[in-house]
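Note that the structure is a prediction, hence the values are computed from the model and not measured. A note on names: the letters A, B, ... follow the listed sequences, proteins ahead of strands, and every chain is numbered from 1.
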2 protein chains.
Amino acid sequence: MSARQILIVEDERPIREMIAFGLRRAGFEVIEAEDSRAARARIADRRPDLLLVDWMLPDVSGLELTRALKKDKDTRDVPIILLTARAEEQDKISGLDGGADDYVTKPFSPRELLARINAVLRRTGSTSPDEVVEAGGLALDVAGHRVTVGEQTVPLGPTEYRLLSFFMTHPERVYTRSQLLDRVWGGNVYVEERTVDVHIRRLRKALEAFGCDQFIQTVRGAGYRFSTRPV
Amino acid sequence: MSARQILIVEDERPIREMIAFGLRRAGFEVIEAEDSRAARARIADRRPDLLLVDWMLPDVSGLELTRALKKDKDTRDVPIILLTARAEEQDKISGLDGGADDYVTKPFSPRELLARINAVLRRTGSTSPDEVVEAGGLALDVAGHRVTVGEQTVPLGPTEYRLLSFFMTHPERVYTRSQLLDRVWGGNVYVEERTVDVHIRRLRKALEAFGCDQFIQTVRGAGYRFSTRPV
DNA sequence: GGCGCGAGTCACGCGTCCGTCACAATGCGC
DNA sequence: GCGCATTGTGACGGACGCGTGACTCGCGCC
């Protein structure tokens with residue numbers, strides 16, 4: 001369908017943002033929640049592909065959240081990775097009992113986390129195979145983390161890729177600069193809105209060589225839109 | 001789409017005014033209150049779009065105010081951002097429990113505050129599903145922010161789009177120039193009423209190419225109407 | 001350490017759109 | 001038919017939004 005969406009449920013903002021940052025760099029779409037209640041709301045409206053749940057949460061413990069989600073048939077299939085502090089190591093077992101698909105002990109290296117996320121996605125991926133989104137000659141290869149035209153790969157920087165990837169999975173819809181910053185850059189980053197313009201420009205330039213730059217459309221006074229239909 | 005109204009509830013006047021200054025610069029309309037009681041009065045008569053509430057207030061704490069407002073069905077939907085000093089950090093959680101939509105710790109950068117305000121407004125304001133309004137061959141694509149006839153897009157400027165968009169969602173009804181200025185331009189702009197005529201003219205011209213200009217009808221002495229039925 | 005790359009910001013230029021005006025055209029009451 | 005009120009229309013000045021190239025800074029790599 002798109003770049004994989006990962007929901008981070010973690011109450012400590014700095015940790016949450018650090019993880020989110022790493023995952024976005026790795027090409028995931030990241031959603032954040034600070035407690036179980038918020039997590040349930042995000043799950044309902046964003047349907048993430050994987051959950052990273054901190055063991056210690058302000059309202060309900062991560063374990064309880066896991067148990068609850070694994071009981072609900074709507075959320076049963078969403079893989080869950082639990083984050084636990086080392087001191088709580090003994091609880092791992094009950095974590096897996098609760099239905100979590102894996103666990104990672106803090107502190108962990110981003111690389112380790114990524115490896116586990118990919119492992120879990122691969123394992124559960126049989127139900128939702130790596131998809132390829134096509135639009136106007138462009139092919140978004142999520143697994144390969146690239147965009148191709150025919151046999152050629154479009155050379156894109158990380159941000160350009162995330163931007164195009166987001167657009168291709170959300171076509172025919174206008175997004176304001178603010179919304180794009182939220183969904184592509186991540187909710188808690190503070191950059192100028194005009195930064196979006198610059199990356200749009202770079203993306204267009206990259207697509208130009210393949211004759212696909214007209215798909216990125218400017219909607220004056222509103223924002224940008226990805227559309228294969230003429231302006 | 002008028003400017004968003006933000007109510008600042010903060011007892012220290014210098015801080016309040018500084019925040020207000022920044023928000024006004026960013027295009028918001030700002031209302032101020034120095035305590036909970038005043039806040040409730042302003043909410044009742046001004047109906048702000050968002051509340052910035054300081055944690056420490058002279059009468060009732062910001063948290064209590066938040067709880068109270070979130071219980072009242074009239075004010076439940078107004079998003080609230082709590083301002084807390086760093087020393088009170090542990091209270092964040094109960095702040096969110098109380099129903100606040102976000103929190104910002106002092107000291108904060110104006111940019112961060114703006115980003116959070118926008119994020120909250122976006123989250124609470126854009127829950128509408130993709131809708132398409134059809135009328136007389138015209139299709140208003142709200143999400144895509146455009147109007148199409150068949151496969152073709154009607155080329156419209158921002159104001160023309162807003163005007164047509166308003167008409168298509170409020171058809172078969174006469175609106176005076178004054179009402180149109182209110183609903184399409186936004187309540188607090190001062191422009192000549194005849195400006196409406198000019199934009200009606202431009203809109204008609206844009207629709208003419210598609211044979212749809214007769215839908216915009218003049219009602220002499222009253223105003224304009226969008227109707228797919230013949231005059 | 002030097003290097004290149006990419007991200008974010010800025011300043012400038014240009015095109016588009018907006019609000020206003022003046023004048024033409026049209027409708028309405030007498 | 002006449003005169004007044006109301007609306008249509010074209011033009012214009014200015015503002016604003018966006019595209020664009022250049023710059024700086026931080027980071028990873030050799």
Side-chain angles (χ1 to χ4, degrees), chain A residues 18 21-22 24-27 109-111 145 154-164 174-178 180-182 184-186 188-208 213-225 231, chain B residues 1 3 25-27 109-112 114-115 145-146 153-165 174-178 180-182 184-186 188-208 213-225 231:
Chain A
M18 195 196 63
F21 179 75
R24 287 200 178 95
R25 273 188 71 114
S109 71
R111 185 173 299 170
H145 206 263
V154 182
L156 296 170
T159 305
E160 286 148 42
Y161 171 78
R162 286 205 310 279
L163 186 57
L164 180 54
V174 171
Y175 292 90
T176 64
R177 292 169 175 74
S178 175
L180 289 172
L181 285 177
D182 204 26
V184 178
W185 273 254
N188 296 318
V189 73
Y190 314 113
V191 294
E192 294 291 325
E193 293 207 335
R194 296 284 325 259
T195 298
V196 175
D197 297 34
V198 179
H199 282 274
I200 288 282
R201 148 90 173 138
R202 290 169 181 160
L203 179 53
R204 277 177 175 151
K205 203 160 194 174
L207 291 174
E208 200 175 13
D213 55 310
Q214 77 280 6
F215 296 155
I216 309 287
Q217 298 166 0
T218 304
V219 181
R220 196 175 169 78
Y224 296 97
R225 170 180 56 207
V231 187
Chain B
M1 204 202 297
R25 270 186 70 117
S109 73
R111 184 177 292 178
E112 178 185 0
L114 270 181
H145 210 269
R146 59 173 157 187
T153 299
V154 182
L156 297 170
T159 305
E160 286 148 42
Y161 171 79
R162 286 204 310 278
L163 186 56
L164 180 55
S165 160
V174 177
Y175 292 91
T176 65
R177 292 170 175 74
S178 172
L180 288 172
L181 284 177
D182 253 18
V184 178
W185 272 254
N188 298 321
V189 288
Y190 177 68
V191 291
E192 295 290 326
E193 291 208 336
R194 294 292 318 265
T195 298
V196 175
D197 298 34
V198 179
H199 281 275
I200 288 283
R201 149 87 176 141
R202 289 170 181 160
L203 179 53
R204 278 177 175 150
K205 201 161 193 175
L207 291 175
E208 200 175 9
D213 55 312
Q214 76 281 6
F215 298 155
I216 309 289
Q217 298 164 2
T218 305
V219 181
R220 199 178 174 84
Y224 297 96
R225 170 180 56 205
V231 192

Q: Taking N and O atoms by type only, does the side chain of A:Arg202 place a donor or acceptor under 3.5 Å from a partner on the base of C:dG8?
A: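 By the distance-only test, yes, there is a pair.
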
Q: To the nearest 0.5 Å, tell me how far A:Asp197 CG sits from A:Tyr224 OH.
A: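 Atom-to-atom, A:Asp197:CG and A:Tyr224:OH are 3.5 Å apart.
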
Q: Mind running side-chain hydrogen bond (donor to acceptor under 3.5 Å, both in side chains) on B:Ser165 and B:Arg146 for me, showing each step along the way?
A: CA-CA 9 Å; B:Ser165 160; B:Arg146 59 173 157 187; over 6 Å; no

Q: Only one of B:Leu164, B:Val198, B:Asp213 passes side chain to side chain contact (heavy atoms under 4.5 Å, CB included) with B:Leu203; say which it is.
A: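 Only match with B:Leu203 under side chain to side chain contact (heavy atoms under 4.5 Å, CB included): B:Leu164.
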
Q: Rounded to the nearest 0.5 Å, how far does CD of A:Gln214 lie from CG of A:Leu207?
A: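 Output value for this atom pair is 9.0 Å.
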
Q: A:Leu163 CG to C:dG6 C1': how many Å, rounded?
A: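 Atom-to-atom, A:Leu163 to C:dG6, this comes out as 15 Å.
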
Q: In whole Å, what is the span from the CG atom of A:Asp197 to the P atom of D:dC16?
A: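 Checked: the CG to P distance equals 17 Å.
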
Q: For B:Thr218 and D:dT7, is the shortest distance between a side-chain N/O and OP1 or OP2 below 4.0 Å?
A: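 No.
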
Q: Are any side-chain N or O atoms of B:Arg177 and backbone N or O atoms of B:Gly223, one a donor and one an acceptor, separated by less than 3.5 Å?
A: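 Side chain of B:Arg177 to backbone of B:Gly223: no pair is present.
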
Q: Ignoring backbone atoms, establish whether B:Arg204 has a side-chain N or O less than 4.0 Å from OP1 or OP2 of D:dG8.
A: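 For D:dG8, OP1/OP2 do have a side-chain N/O of B:Arg204 under 4.0 Å.
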
Q: Which nucleotide sits closest to the side chain of B:Val198: C:dC18, C:dC21, D:dG19?
A: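 Selected nucleotide: C:dC21.
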
Q: Indicate, yes or no, whether a donor-acceptor pair under 3.5 Å links the base of D:dT7 to the side chain of B:Arg220.
A: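 Such a pair does not exist between side chain and base.
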
Q: Within this structure, what is the NE2-to-P distance between A:His199 and D:dT20, rounded to whole angstrom?
A: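 The distance from NE2 of A:His199 to P of D:dT20 comes to 15 Å, rounded to the nearest Å.
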
Q: Using whole Å, what does the distance between atom C1' of nucleotide C:dC17 and atom NZ of B:Lys205 come to?
A: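 Checked: the NZ to C1' distance equals 14 Å.
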
Q: Between A:Arg194 and C:dA11, is there a side-chain N or O to OP1/OP2 distance below 4.0 Å?
A: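 False: A:Arg194 side-chain N/O out of range (4.0 Å or more) of C:dA11 OP1/OP2.
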
Q: Do any side-chain nitrogens or oxygens of B:Trp185 fall under 4.0 Å of OP1 or OP2 in C:dG19?
A: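 It does, given that an N or O in the side chain of B:Trp185 lies less than 4.0 Å from OP1 or OP2 of C:dG19.
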
Q: Grab the CD1-P distance between B:Ile216 and D:dT9 for me, whole Å please.
A: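 Taking atom P of D:dT9 as the reference, CD1 of B:Ile216 is at 13 Å.
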
Q: Nearest whole Å is fine: how far is D:dG8 C1' from B:Glu193 CD?
A: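 In whole Å, D:dG8 C1' lies 17 Å from B:Glu193 CD.
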
Q: Can you tell me the distance, in whole Å, between the CG atom of B:Leu203 and the P atom of D:dG8?
A: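 Roughly 12 Å, once rounded to whole Å.
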
Q: What is the distance from OH of A:Tyr161 to P of C:dC5, rounded to the nearest Å?
A: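 In whole Å, C:dC5 P and A:Tyr161 OH are 22 Å from each other.
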
Q: OP1 or OP2 of D:dT6 versus the side-chain N and O atoms of B:Tyr224: is any pair under 4.0 Å?
A: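 So the side-chain polar atoms of B:Tyr224 never come under 4.0 Å of the phosphate oxygens OP1 or OP2 of D:dT6.
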
